[in-house]
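Counting starts at 1 for both ligands and their atoms, following the listed order. These values consider heavy atoms only, across backbone and side chains, with no hydrogens, waters or symmetry-generated copies.
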Amino acid sequence: MRAMQSSGGQANRNCVSCGRSIAFDANVCPYCGRDYRPQAMAPSVAKRDSGSPVAAGVLILLGSLVYIVLGGIVAAGSTIAEEWTSGESAWGVACGVIGLALGVISLLGGIFAIQRKYWALALIGGILTIPTILGLIGLILVATSRDAFES
Ligand SMILES: [Zn+2]
């Protein structure tokens, strides 16, 4: 009569690599070092198919367009006024240019959100466009759909 190979009732199996008996739930064969851990752990994890980043990106894009349009109007208007008042409205031009710059940065954030890349930059785009309300909603969507982003 053959004796049980292990005490405590734990099932054993034979290592496919070296053929020795190892614990059924062993991650690595103690004799030859063969790794039995599932290989599919790291990659090929299906991303949660959420529409939130796309919606957030569109909202942030719209918010950034508000900045770009307003910044453009202020900059252009101030430039015209500058010609009449000989340099009195340099601040207006500066404000317009800053508005344009914020618009371009948040535009990129919106594009990244749609592509589900660079979560942090999408978040920045949302933060910059908070005053447009559209951006505030976009920011909330970006913040709550962190898992749907690649990085
Ligand atoms: Zn082995």
Side-chain angles (χ1 to χ4, degrees), residues 1-76 78-79 90-151:
M1 187 173 162
R2 193 161 160 242
M4 289 295 289
Q5 284 175 321
S6 73
S7 59
Q10 270 199 323
N12 279 22
R13 61 176 172 174
N14 292 324
C15 174
V16 298
S17 186
C18 67
R20 295 203 220 201
S21 178
I22 60 172
F24 187 78
D25 57 352
N27 286 328
V28 178
C29 174
Y31 306 106
C32 70
R34 184 180 161 100
D35 197 336
Y36 285 98
R37 281 169 291 199
Q39 298 300 307
M41 273 177 71
S44 77
V45 175
K47 284 228 163 30
R48 204 145 48 102
D49 192 25
S50 162
S52 293
V54 175
V58 171
L59 288 168
I60 294 169
L61 274 177
L62 291 173
S64 71
L65 288 177
V66 173
Y67 275 109
I68 290 170
V69 169
L70 287 180
I73 290 170
V74 170
S78 299
T79 305
W91 281 108
V93 177
C95 288
V97 170
I98 290 168
L100 281 173
L102 290 175
V104 170
I105 293 167
S106 46
L107 186 77
L108 289 174
I111 291 168
F112 287 137
I114 291 171
Q115 295 177 335
R116 302 180 184 198
K117 282 192 261 184
Y118 308 117
W119 180 75
L121 290 174
L123 202 67
I124 290 170
I127 291 167
L128 290 177
T129 51
I130 282 176
T132 67
I133 307 300
L134 293 169
L136 177 63
I137 301 165
L139 174 65
I140 293 167
L141 289 175
V142 168
T144 55
S145 60
R146 173 74 184 87
D147 294 348
F149 282 81
E150 287 178 19
S151 59

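- Within a radius of less than 2.8 Å around the Zn ion (ligand 1), the protein N, O or S atoms are Cys15 SG, Cys18 SG, Cys29 SG, Cys32 SG.
- Across all their heavy atoms, Ile22 and Cys29 have their closest contact at CG2-SG, 3.8 Å.
- No donor-acceptor pair under 3.5 Å is formed between the side chain of Ser78 and the backbone N or O of Ala75.
- Each of Leu100, Thr132, Ile98, Val104 was compared with Tyr67 under the side chain to side chain contact (heavy atoms under 4.5 Å, CB included) criterion, and only Thr132 meets it.
- Cation-pi geometry between Arg34 and Tyr36 is met: under 6.0 angstrom from the ring centre, within 45 degrees of the axis.
- Using a 4.5 Å heavy-atom cutoff, the side chains of Leu107 and Leu61 are in contact.
- Expressed to the nearest 0.5 Å, how far CG of Leu59 lies from CD1 of Ile133 amounts to 11.5 Å.
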